[in-house]
Structure formats: structure tokens, C-alpha cells
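Each chain gets a letter, A, B and so on, in the order the sequences are listed, and its residues count up from 1. All values below come from the heavy atoms of this structure, side chains included, with hydrogens, waters and symmetry mates left out.
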2 protein chains.
Amino acid sequence: MATGRTHRPATRSRGIPEATVARLPLYLRALTALSERSVPTVSSEELAAAAGVNSAKLRKDFSYLGSYGTRGVGYDVEYLVYQISRELGLTQDWPVVIVGIGNLGAALANYGGFASRGFRVAALIDADPAMAGKPVAGIPVQHTDELEAIIRDNGVSIGVIATPAGAAQQVCDRLVAAGVTSILNFAPTVLSVPDGVDVRKVDLSIELQILAFHEQRKAGEEAAEVAAQAAAGAPAAAAAREKSATDQGPDGDVPAVMPA
Amino acid sequence: MATGRTHRPATRSRGIPEATVARLPLYLRALTALSERSVPTVSSEELAAAAGVNSAKLRKDFSYLGSYGTRGVGYDVEYLVYQISRELGLTQDWPVVIVGIGNLGAALANYGGFASRGFRVAALIDADPAMAGKPVAGIPVQHTDELEAIIRDNGVSIGVIATPAGAAQQVCDRLVAAGVTSILNFAPTVLSVPDGVDVRKVDLSIELQILAFHEQRKAGEEAAEVAAQAAAGAPAAAAAREKSATDQGPDGDVPAVMPA
DNA sequence: CAGTGTGAAACTTTTCACAGCT
DNA sequence: AGCTGTGAAAAGTTTCACACTG
């Protein structure tokens with residue numbers, strides 16, 4: 001909602017909130033499942049449940065895309081799939097390179113959901129000469145020396161870094177220099193990139209640490225609860241948790257993209 | 001947050017904002033690196049740069065933990081490492097089970113940063129009988145039949161699901177029934193869990209789709225930019241991006257935990 | 001005087017609740 | 001009658017800017 005909405009009320013304008021963007025893939029997945037089961041329409045309530053969010057949030061999110069529902073009825077599944085795909089830029093397909101073909105890189109290469117929606121693994125790249133030529137997930141691994149050529153020849157703009165932490169920044173620099181402008185980083189490092197390049201980070205140990213924090217909290221609360229229960233009368237059962245909601249928050253963080 | 005903060009101004013009370021919690025692991029990692037280089041103190045500016053956030057945010061975050069800095073000087077690295085570790089519950093170590101030992105599960109089992117900070121892989125579990133006994137990352141894989149016993153015998157409260165999507169909910173149910181209260185889910189599914197169980201989700205294709213959205217946006221802006229540049233005089237270079245910041249947002253999303 | 005700690009302002013995201021369409 | 005679309009309120013997060021302290 002950055003630039004005013006003053007006029008142009010019809011054609012949904014730009015400026016979809018980042019939090020909404022982060023949820024669109026979730027909706028898309030739920031819708032795709034419905035589509036496969038040939039469900040023709042769905043209400044915000046049902047779709048929200050399938051996506052793990054609440055319906056008010058979902059309706060608000062969709063309102064940023066336009067008015068694609070029918071009052072009293074719900075949303076047309078196929079139509080919404082198309083609209084969200086388009087909004088996410090998945091009507092074209094994006095060639096992606098994966099750099100670092102260890103266990104993780106191989107797992108990513110084998111990941112089916114990859115190809116299924118808008119992405120194509122254009123190349124697998126590894127620094128180990130012994131890997132060169134070896135096929136992983138049916139794609140021959142190429143040596144890092146080829147990186148620049150691969151990026152240019154395939155018009156790759158999205159790169160996935162699955163290397164050890166030590167190599168990540170260097171790989172990142174080369175990717176960016178060769179023209180990549182979006183990076184998904186699995187290495188546990190903060191990457192620095194020039195303006196205009198987006199980096200998203202996936203980090204196992206950070207996720208675990210966040211869980212540990214809450215886990216620890218629960219242990220503490222349990223003790224408090226027992227005490228309270230002992231002191232007071234009876235009703236202490238489900239009274240502890242702070243947030244409830246049917247939500248399944250993404251980002252956990254507000255992960256947000258970071259144009260760096 | 002929820003319960004008022006009315007009194008108790010002194011001792012840092014409970015209720016650290018979720019967004020702050022999500023960044024603590026980032027700070028911890030940066031601090032650990034400094035510690036290894038034997039750097040004794042660090043300013044909010046330096047540490048923020050290392051963690052990829054801005055210094056105001058970092059100071060605000062630390063203010064929720066207490067006053068651990070020294071005005072005019074900065075923060076004592078060792079002391080902060082300890083305080084953050086304690087806050088995150090990493091002074092104890094958490095036994096973790098990984099269910100689903102495919103490429104991804106193996107990658108996770110081999111992930112070093114795992115053991116390094118507060119977590120211990122208590123067991124690897126897979127449904128394939130052929131895997132049973134086979135060691136991965138030095139740990140023998142056990143069959144799913146043993147799941148409940150493993151959880152109970154090891155006092156596991158954190159589980160990692162790295163199975164195919166189809167098996168995830170079922171595995172989740174068993175983990176929860178056996179006593180697990182925190183789950184890190186790598187399968188592309190929305191898990192439903194009872195109240196009091198936290199789920200965090202890591203999803204490759206969602207991340208890629210978010211990148212695709214921004215990538216598409218860039219392409220559009222580029223065109224607009226060129227047009228504007230042609231029409232106007234000259235200054236259009238770095239004027240495009242909407243957010244700037246040195247930030248490297250986690251969550252990308254607001255991933256947030258979801259007490260479900 | 002360099003640099004923390006923090007109120008207050010600005011912005012973003014979520015939730016509420018209901019008018020309005022089909 | 002039912003369900004969407006959305007203003008408006010509430011909650012959460014980030015940024016600003018400066019008083020205060022070692």
C-alpha cells in the first residue's frame with residue numbers, strides 16, 4: 001500500500017504487503033491440492049483451515065490481489081490458482097542453479113516440489129572436481145569454474161547456496177557478479193550483497209534455537225502452572241499458552257525479504 | 001505481551017517479543033565468532049553489522065534481556081554469549097530425533113552446527129526396514145516402530161520431520177503422542193497439532209516462490225525504470241528498491257512460532 | 001565523548017466486525 | 001442466508017533521537 005490508492009480503484013495496484021506475499025505460496029499449495037481433488041469452489045474458512053491461517057487474514061490477503069471471490073459462495077479454485085501463480089511470477093519458469101552438492105544440495109536437487117511449481121534446476125555446481133560429471137537427480141554436476149558461463153547461458157537469476165559456511169560468501173559474490181539477483185542461502189552465514197539483490201536464509205540451527213526457547217518457557221510455565229493449580233482450585237488446564245489461533249505462522253520470523 | 005507488565009520493572013520480566021527471539025540466534029552466532037577470535041568487547045554497531053541487522057534494533061532487542069552493556073564501551077562478548085545462551089535455553093542440551101533419513105535427513109544428521117550449540121541427535125528414525133542399523137553420520141538408523149520408546153527413553157521434546165509430505169502428519173501425531181512438544185517440519189505440509197505444541201516450518205519451495213515474486217517485480221521495475229530514465233534526465237540508478245537497510249531478515253516471513 | 005538504553009513516533013501486521021453483494 | 005471485502009481498532013515491530021552513564 002505504499003503509493004496511494006487514490007484513483008485506479010479497479011486494477012489491483014502494486015504494493016502487496018510482505019507478510020501477504022509470504023503466505024501466497026501457502027494458499028497456492030492448498031488450492032493446488034483442492035484443484036487436484038477437482039473441488040470447484042472453496043470458502044475463506046475452508047481454505048484458511050487448509051493453509052493453517054485464520055480466515056480474516058486470508059480474506060485480507062486476497063483483498064490485496066483484487067476481488068476474486070463471490071459473495072455468498074466463495075472462491076473459484078482454478079481461477080485463484082491462476083491469479084496467485086501469476087502474482088508470484090510462476091507462470092513463467094525460473095531456471096535455478098544449486099551450488100554445493102553435498103547431502104543438502106543433493107536433497108534439494110531431488111526435491112520434487114521444485115520442478116512442479118515454476119522452477120527448473122538448470123545446473124548443479126560443486127567445487128569438488130571428483131563430483132564433476134557425476135549425475136545427481138539425473139543432472140550432471142558441473143565444476144565451479146563453469147559458474148559464470150552457466151549463469152549467463154541459462155539466464156539464471158535465482159541461485160541456491162548449499163555450500164559449507166566458509167565458501168558461501170565467495171560463491172555468493174560470483175553468483176551476483178554473473179547476474180544472479182535472488183539468493184536462497186542454506187549456509188549458516190550472513191551474506192552481504194549489493195543493493196537490489198534479495199537474499200533469503202534457511203537456517204536449521206536458528207530454527208532449533210527458537211524452538212528451544214519456547215520449549216524452555218514451557219518447562220517454566222509448567223512449574224508455575226502446577227503451583228497455581230495447587231494454590232487455586234481447579235481450572236488451570238489449557239489456560240497457559242499465550243497465543244492460540246489455528247495459525248501456522250510462516251516466517252516464524254518476519255523473515256521478510258531483505259533487499260540488501 | 002499478553003499478561004500485563006504493570007509492575008516488576010526491574011528484573012527483566014518475561015515476554016520477549018517473538019521478533020527479538022528470532023534474532024537472538026543470529027546474535028549468538030556472531031558473538032561466538034568474535035569469541036573464537038578472542039575479541040573481548042563489541043559495540044552495538046559492530047555486532048549489528050556482523051549479524052546483518054541495524055544497531056538500533058539490536059540495542060532494543062538486548063534491552064529486553066536486561067542491561068548487559070557498558071555505556072561508552074560496548075558489550076562484553078563472553079558475558080553476552082552466556083546470557084543469550086541462557087535465554088535461549090542452550091545451557092542445557094536438547095536431545096533431538098530426526099525422522100525420515102533420506103537425503104535431507106542425512107544432511108541434517110551430518111550438519112555440524114547441530115551438536116555445536118545445545119543440541120544432540122539422540123536418534124535417527126526411518127520407516128524403511130532396509131535402513132535399520134545402517135549408520136548415518138555415525139548414528140545407527142532405527143525403525144519407526146521404535147519411535148515411542150526412543151522418545152520416552154531419551155526424554156526427547158524436540159522432533160525434526162524430514163519425511164515425504166504424505167507421512168508427515170502421521171509421524172507428527174506419533175511424536176506428539178509420545179511427548180514431543182516442539183517440531184521442526186521440513187515436509188511441505190501444514191501440520192495440525194494440539195494446543196501447546198510448537199511447530200516451525202522450513203519450506204524450500206515457499207522460499208523460492210517468495211524470491212520469484214520479488215524477481216518478477218524487479219523485471220517490471222527495470223522496464224519502468226528504463227522508461228523513466230528515458231523520459232526524465234538521469235538520476236534513476238539506485239532509486240528503485242523500496243526498502244534499503246543493511247538488514248538480513250530472518251523469517252523472511254514473520255515466521256513466528258505457532259502455538260497451535 | 002563514545003556508545004548504551006529507552007521513551008515516543010512511525011510503520012506494519014493482525015484482528016474485529018459489519019456493510020454489501022449474490 | 002451466506003460469505004466476501006474492507007474500514008477501523010488493536011497489537012506488534014522498527015526506527016528515531018537523545019538523555020544518561022562509565
Using heavy atoms and a sub-4.0 Å distance, could you list which residues of residues 28-43 of chain A are near DNA chain C? By number, please. none

Point-to-point distance, once rounded to the nearest 0.5 Å, from CG of A:L58 to CZ of A:R23: 9.0 Å

A:K60 side-chain proximity, nearest of C:dT13, D:dT14, D:dG7: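 The closest nucleotide is D:dG7.
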
Among A:I161, A:V193, A:V202, A:V171, the one residue meeting side chain to side chain contact (heavy atoms under 4.5 Å, CB included) with A:N185: A:I161

Pick one: which of A:V77, A:L31, A:L26 meets side chain to side chain contact (heavy atoms under 4.5 Å, CB included) with A:L47? A:L31

Can you measure [X] atom [atom1] to [N] atom [atom2] for me and round it to whole angstrom units?
| X | N | atom1 | atom2 | result |
| --- | --- | --- | --- | --- |
| A:L65 | D:dT4 | CG | P | 14 Å |
| B:R23 | D:dG12 | CZ | C1' | 11 Å |
| B:I16 | D:dG12 | CD1 | P | 15 Å |
| B:Y68 | D:dG22 | OH | P | 17 Å |
| B:Y75 | C:dA2 | OH | P | 17 Å |
| A:Y64 | D:dT4 | OH | P | 17 Å |
| B:Y79 | C:dT4 | OH | P | 16 Å |
| A:D61 | C:dT14 | CG | C1' | 10 Å |

Does A:S44 place a side-chain N or O at less than 4.0 Å from the phosphate oxygens OP1/OP2 of D:dC3?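 Answer no for this pair, as no side-chain N or O of A:S44 is under 4.0 Å from OP1 or OP2.
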
Any B:N54 side-chain N or O less than 4.0 Å from OP1/OP2 of D:dT15: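 For D:dT15, OP1/OP2 do have a side-chain N/O of B:N54 under 4.0 Å.
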
Can you run down the salt bridge (Lys or Arg N to Asp or Glu O under 4.0 Å) pairs that involve residues 65-82 of chain A, sequence neighbours left out, and say none if there aren't any? none

Could you check whether [Y] and [X], counting side-chain N and O atoms only, form a donor-acceptor pair closer than 3.5 Å?
| X | Y | result |
| --- | --- | --- |
| B:S182 | B:R200 | no |
| B:S44 | B:R59 | yes |
| A:D61 | A:S63 | no |

Using modelled atom types and a 3.5 Å cut-off, is there a donor and acceptor pairing between side-chain atoms of A:W94 and backbone atoms of B:E215? no

Looking only at atom types and distance, does a side-chain atom of B:T32 sit under 3.5 Å from a main-chain N or O of B:L28, one as donor and one as acceptor?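 Judged by distance alone, yes, a pair lies under 3.5 Å.
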
Base, sugar-phosphate, or nothing: which does A:F62 touch, judged by heavy atoms less than 4.0 Å apart? nothing

Any N/O pairs under 3.5 Å between the protein and nucleotides 18-22 of chain C? List them or say none.
unit_1	atom_1	unit_2	atom_2	d
C:dG20	N3	A:R71	NH1	3.4
C:dT22	O4'	A:R71	O	3.2

